[in-house]
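Accompanying notes for the structure given below.
By convention here, the first residue in the shown sequence is residue 1.
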Amino acid sequence: FKRMGFLVLCILLLVVAGVASGRSCSPRTIQQWKVLLAETDCDSFSIAGVDLSRLSEETADEIHSLATSSEMESLHLVRTSLGFYGARMLRNMLLDINLGVLALSHIKVGSASLQILFEGIAGTRTLHRLELVNCGMDDEDLIAFSASLILGIEEYRYHPLLHINLLGNHVSSRGATALAAVLSKMKTLTSLDLSMNPLGDYGVAALATIVDADFALTTLSLSSVEATTMGARMIGASFGRGAITRFSFSKNHNLGPEGGKYLGRGLSGAKELEFLDLSMCGLENEGTQRVLDGLLNAASFYNQLGTSSSSSSFSPNRPQLKHLLLPVNNIDIHCKNLNSFLEFHPSIEIVDLSNNPLDTRWCETLVAKFYTSHTLCYKSKLSRINLRKTKISSECIQQLDDILKRQHCAEAVPMEGFCDVDGNCDADENDAVVNGHSHDSHASKYSTSFNTDILALIAGYNLESCITQLAKYNLLSDDTLKSTCCGREHDCVEEFQLPLQTPTQKSSWTRAMEALCK
C-alpha cells in the first residue's frame, strides 16, 4: 500500500508539473485548480469539462480568494455549465483581479447567470478580450451586455475591451443594433466576431455603422449570418471610410453575383484590407469579377501596372491585401479578370480558389502567362494559389507551384549588357535575383523608373518583355518614346533590339504606338 500510495503521489506531481509548465495550466478538477492557484505562478488557466454549476458558495469564494493572490491573467472555460455561484465567482474575479482575458466556449449559461457576469464586465478595468462562444445568448442577453458596457463607459469614461467574440449564439438584428449603438460610442474595439448568428441584412446594416465610424475596429467576422444582397451593399459601402484590415463574410450563400457587385464597389475604397474571406457566397464568375475589380482599384500601385492609362488616379498609398479566400463560388475559366488579378495585384500573397470548377486548360494558360511575365518576377508577391478539389491536373498544379518559386526569373529577363538608369553598364547579373525574388535587380530599377503612363501602355498591350531594352535606351517617359519612335515604329524595333518575335507581339507593339502617338 505504501508503494502504491507513493506511485499515485508521483503521478499526481507529474500531472501538476506537466499542466503547469510554460505558465499555462489546465486543471482537470476543481481541487486541482485550487492547488495550482495556490502553489504555482501560472498566469493562464484553461479548464475543460469541469462542471461549475454545482459549485458551493464556500468553494466559489475560496477559488476567488486564491485567484486574488495569484498571477492569473487569463481564464478559458470550455464545455461546462455555469451556475449562480460560478457566475458570481467570475464576476468577482473581473472586479478584483487583473483578469485580461475571459473566454467561455460551449457553455450552458442561463440569462440569470449572464446578468451576474455582466455586472463584472461593467466594472472591470483590465478585461481586454471577451469570448462568449456558443453560450446560448439571445437578443435580450446582448441588450443586457450592451447596457453593462454603457455603465462602464459612463462611470470610467471608457471601457478596456478591445476584442469581442460572440460566435455561434442566437443574436438577430435587434441585438446587433443595440450592440452597434454602444460600440459606436466606445470607439476602442479593434475586433468583433458575430459569425454564425442569424443577424440578417438589418443586423449587418447596423454593424456597418461601426465600420463607417471613425474608430479602431480593424477585424470584423460576419460569416454565416444569413446576409443577402442588401447586407453586402450596406457593409460594402462602409469600407471606404473605415480601417478594416481583416474581413470575413463567408458562408453567406445568398449573396450571389449581385452581392459581389456591391462588395466590389465598396472594396475599391478598402485600401487597408489585408485579409478577405468570401468563401461559399455564390458569387459565380460575374460577382467574382466585380470583387477582383474592386480589389485591383483599391491597390493604388495597380495603376502603374496598366489598368488605367491615366496617372491622375494614382495614389501614394501602397496596397495591403495579402490573403484572399474564394473557395466554392462556382468560378471557372470564364472569369475574365482572374488571371490579370493574379499577375498584376502588387501585394497579394495567397489566393484560395479551391472547390471551384477551374480546369487544366485554365491552369496551362496561367502557367504560360506567368512564365513570360516580368511583373510576376519583379513586382508581384504572389507565393501560393490553393487549388484543392478542382478539375486541374496534379501536373499543372505542380508546374504552377514551380513558377511561383520564381526560379525561372533569372532567365525571364536577360541580364548581360544591362545599363541602369545612371548609365552603369554590365553590372553583376547575380544582383538581379536572390532566391528567386528580385533583390535590387536592374529590371526592378527599370520598371520603377518608368512613368505611370508608359507602365500602363506596356502592361495594357502585354509588352513587358520590352522593359529591359526601353530602359536601356532611357525611353522611360511617354514624351521620350513619342519623340523617338512616333512615325518610325518598325525602325525602333530594330534600332533598340526590342524582343518582338511573334506576329502577335509585333501587332501589339504597333497598336501600342498608335495609341501613344495619336
Side-chain angles (χ1 to χ4, degrees), residues 103-105 109 111 114-115 117-118 121-122 129-153 159 161-239 241-244 246-255 259 262-263 266 270 276-278 280-281:
L104 278 61
S105 177
V109 187
S111 294
L114 284 171
Q115 290 283 355
L117 181 62
F118 294 158
I121 292 174
R129 179 180 292 275
L130 175 67
E131 298 183 10
L132 298 172
V133 175
N134 195 10
C135 291
M137 291 181 62
D138 58 20
D139 288 334
E140 297 300 329
D141 297 324
L142 193 56
I143 291 171
F145 169 69
S146 302
S148 71
L149 295 179
I150 285 290
L151 288 175
I153 294 171
H159 199 283
L161 267 178
L162 301 176
H163 312 277
I164 297 177
N165 184 352
L166 303 175
L167 179 146
N169 287 288
H170 308 295
V171 177
S172 72
S173 60
R174 183 164 167 258
T177 301
L179 181 63
V182 175
L183 296 182
S184 63
K185 296 180 180 179
M186 283 179 60
K187 295 189 176 184
T188 54
L189 196 73
T190 61
S191 70
L192 175 65
D193 192 342
L194 277 165
S195 299
M196 299 179 65
N197 282 282
L199 304 179
D201 289 331
Y202 289 103
V204 172
L207 295 171
T209 62
I210 64 172
V211 178
D212 198 20
D214 182 20
F215 80 123
L217 189 70
T218 58
T219 300
L220 180 62
S221 297
L222 297 176
S223 296
S224 189
V225 294
E226 302 179 7
T228 66
T229 301
M230 175 186 166
R233 182 175 185 175
M234 298 303 295
I235 198 70
S238 68
F239 283 139
R241 294 175 291 276
I244 295 293
R246 297 179 63 87
F247 180 57
S248 297
F249 208 42
S250 65
K251 299 181 181 179
N252 289 298
H253 308 285
N254 295 321
L255 291 187
Y262 288 119
L263 285 175
L276 177 62
D277 184 0
L278 295 177
M280 303 176 67
C281 287

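- With Leu183 as reference, Ile210 is the one residue of Leu161, Ile210, Thr209 to meet the side chain to side chain contact (heavy atoms under 4.5 Å, CB included) rule.
- Of all non-hydrogen atoms in Ala144 and Gln115, the two that sit nearest each other are CB-NE2, 3.4 Å.
- For Met137, the CE atom sits in a packed shell: over 12 heavy atoms of surrounding residues, nucleotides or ligands are nearer than 6.0 Å.
- Remark: Asp139 engages Val171, Ser172, Arg174 in a side chain to side chain contact (heavy atoms under 4.5 Å, CB included) (not counting sequence neighbours).
- Ala122 and Leu151 get closest at one heavy-atom pair: CB-CB, 4.2 Å.
- Between the CD atom in Glu226 and the CG atom in Asn254 there is a gap of 9.0 Å [rounded to 0.5 Å].
- When the side chain to side chain contact (heavy atoms under 4.5 Å, CB included) test is applied to Glu131, the partners found at least two apart in sequence or on another chain are Ala103, Arg129, Val133, Asn165.
- To the nearest 0.5 angstrom, Leu132 atom CG is 6.0 Å from Ile121 atom CD1.
- Between Leu117 and Val109 the shortest side-chain heavy-atom distance does not fall below 4.5 Å.
- Ser238 is linked by a side chain to side chain donor-acceptor pair (under 3.5 Å) to nothing, counting only residues two or more places apart in sequence or in another chain.
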Validation: residues 227-237 side-chain donor-acceptor distances under 3.5 Å, sequence neighbours left out:
from	atom 1	to	atom 2	distance (Å)
Thr228	OG1	Asp201	OD1	3.3
Thr228	OG1	Asp201	OD2	2.3

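- Ile164 CD1 to Met186 CE: the interatomic distance, rounded to the nearest 0.5 Å, is 5.5 Å.
- Between Leu207 and Leu192 there is a side-chain heavy-atom pair separated by less than 4.5 Å.
- Tyr262 pairs by the ring pair (Phe, Tyr, Trp, His ring centres under 6.0 Å) definition with nothing, not counting sequence neighbours.
- Remark: Tyr202 pairs with no residue by the ring pair (Phe, Tyr, Trp, His ring centres under 6.0 Å) rule, at least two apart or across chains.
- Atoms CG and CG, on Leu179 and Leu166 in that order, are 7.0 Å from each other to the nearest 0.5 Å.
- Residues passing the side chain to side chain donor-acceptor pair (under 3.5 Å) test with Thr188: none are found, sequence neighbours excluded.
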Please table the atom pairs, donor to acceptor, closer than 3.5 Å between any side-chain atom in residues 216-224 and protein atoms at least two apart or in another chain.
from	atom 1	to	atom 2	distance (Å)
Thr218	OG1	Thr190	O	3.2
Ser223	OG	Ser250	N	3.3
Ser223	OG	Ser250	OG	2.8

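- Nearest heavy atom pair, residue Gly203 against residue Ser173, reads N-CB, 3.4 Å.
- In summary, of the residues considered (Asn134, Leu194, Asp193), a side chain to side chain contact (heavy atoms under 4.5 Å, CB included) with Leu167 occurs for Asp193 alone.
- Atoms CZ and CG, on Phe249 and Leu278 in that order, are 8.5 Å from each other to the nearest 0.5 Å.
- Contacts of Asn197 classified as side chain to side chain donor-acceptor pair (under 3.5 Å), with partners at least two apart in sequence or in another chain: none.
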